[in-house]
Engineer: 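This is the structure I want to talk about, given as structure tokens.
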Amino acid sequence: QVQLGESGGGLVQAGGSLRLSCAASGGMFSTLAMGWFRQAPGKEREFVAAINWSGGDTYYPDSVKGRFTISRDNAKNTVYLQMNSLKPEDTATYYCKLEFKRASTTRTLEVWGQGTLVTVSS
């Protein structure tokens with residue numbers, strides 16, 4: 001069974017930084033892409049960042065562009081989210097997402113992490 005181990009959340013003051021980590025493990029699979037989403041109370045889940053595993057191409061919405069950086073460690077099958085210049089509006093539960101496929105199949109599968117809470121105080 002493929003699982004995601006997510007960590008790095010916590011309480012930080014506005015202007016500070018946090019680094020989230022998400023490691024994929026379990027079974028035989030090929031990672032296609034990994035990304036981060038967040039959800040604040042009363043709001044819909046929104047896209048934060050994504051990275052293509054093969055080419056390393058990254059994607060960000062305007063809300064975090066220039067402040068957040070997603071990166072990967074292929075050997076560890078791990079994705080990171082470096083969050084700088086944090087704002088109170090960044091407060092949310094951050095979820096890691098894995099897109100993968102198993103050997104001898106072309107079907108894309110998805111797994112979500114349990115979420116890690118990021119709280120930014122003003």
Engineer: Among the clusters formed by ILVMFWY side chains lying less than 4.5 Å apart, do V2 and L32 turn up in the same one?
Structural biologist: no

Engineer: Should the heavy atoms of other residues, nucleotides or ligands under 6.0 Å from CD of Q13 be counted, would the total exceed 12?
Structural biologist: no

Engineer: Could you tell me which residues satisfy side chain to side chain contact (heavy atoms under 4.5 Å, CB included) with E110, sequence neighbours excluded, listed by chain and number?
Structural biologist: K97, E99, W112

Engineer: Report, one line per pair, each donor and acceptor closer than 3.5 Å where one atom sits in a side chain of residues 14-28; sequence neighbours left out.
Structural biologist:
residue: S17; atom: OG; partner: N84; partner atom: OD1; Å: 2.9

Engineer: Distance-only, no hydrogens or angles: does the S63 side chain make a donor-acceptor pair with backbone N or O of P61 under 3.5 Å?
Structural biologist: no

Engineer: Check the hydrophobic clustering (I, L, V, M, F, W, Y; side-chain heavy atoms under 4.5 Å; chains of links allowed) and say if F47 and L98 are grouped together.
Structural biologist: no

Engineer: Establish whether V12 and M83 are linked, either directly or via other cluster members, by ILVMFWY side-chain heavy-atom contacts under 4.5 Å.
Structural biologist: yes

Engineer: Which pair of non-hydrogen atoms, one from T31 and one from F100, has the smallest distance, and what is that distance?
Structural biologist: CA-CB, 4.3 Å

Engineer: Enter the distance from F29:CZ to L109:CG here, rounded to the nearest 0.5 Å.
Structural biologist: 11.0 Å

Engineer: Going by disulfide bond (SG atoms under 2.5 Å apart), name the pairs with one or both residues in residues 41-95, residues two or more places apart or in two chains.
Structural biologist: none

Engineer: Write out all pairs satisfying ring pair (Phe, Tyr, Trp, His ring centres under 6.0 Å) with one or both partners inside residues 2-28, taking only residues at least two apart or from two chains.
Structural biologist: none

Engineer: List for me each residue that meets side chain to side chain donor-acceptor pair (under 3.5 Å) alongside R102, sequence neighbours excluded, and say none if there are none.
Structural biologist: none

Engineer: Would you call E46 and R38 a side-chain contact if the rule is heavy atoms closer than 4.5 Å?
Structural biologist: yes

Engineer: Determine whether S71 and Q82 satisfy the following criterion, side chain to side chain contact (heavy atoms under 4.5 Å, CB included), listing intermediate values before the conclusion.
Structural biologist: CA-CA 8 Å; S71 61; Q82 179 66 46; over 6 Å; no

Engineer: Would you give the length of the straight line joining atom CG of L81 to atom CD1 of I51, rounded to the nearest 0.5 angstrom?
Structural biologist: 11.0 Å

Engineer: Side-chain heavy atoms nearer than 4.5 Å, only ILVMFWY residues, links allowed to pass through others: does that put V111 and Y80 together?
Structural biologist: no

Engineer: Got a sec, which residues hit ring-ring contact (aromatic ring centres under 6.0 Å, His included) with Y95, two or more places apart in sequence or on another chain?
Structural biologist: none

Engineer: Hey, can you pull the donor-acceptor pairs under 3.5 Å for the side chains in residues 115-122, sequence neighbours left out?
Structural biologist:
residue: T116; atom: OG1; partner: G9; partner atom: N; Å: 3.1

Engineer: Let me check something: do V79 and L4 share a hydrophobic cluster, defined by ILVMFWY side-chain heavy atoms less than 4.5 Å apart, either directly or through other members?
Structural biologist: yes

Engineer: Run the ring-ring contact (aromatic ring centres under 6.0 Å, His included) test against Y59 and tell me which residues pass, sequence neighbours left out.
Structural biologist: none

Engineer: Decide if atom NZ of K76 counts as having more than 12 heavy atoms of other residues, nucleotides or ligands within a radius under 6.0 Å.
Structural biologist: no

Engineer: Keeping the roles fixed (side chain from R67, backbone from S85), state whether a donor-acceptor pair exists under 3.5 Å.
Structural biologist: yes

Engineer: Can you name the closest pair of heavy atoms from D90 and Y94 and give their distance?
Structural biologist: O-OH, 2.7 Å

Engineer: With sequence neighbours excluded, what pairs up with F68 under the ring-ring contact (aromatic ring centres under 6.0 Å, His included) test?
Structural biologist: none

Engineer: Only counting residues at least two apart or in another chain, list the ones meeting side chain to side chain donor-acceptor pair (under 3.5 Å) with N52.
Structural biologist: none

Engineer: Please identify each residue that fulfils side chain to side chain donor-acceptor pair (under 3.5 Å) with N74, with sequence neighbours left out.
Structural biologist: R72

Engineer: Name all residues meeting the salt bridge (charged side-chain N to carboxylate O under 4.0 Å, His left out) criterion together with R45; count only those two or more places apart in sequence or in a different chain, and write none if there are none.
Structural biologist: none

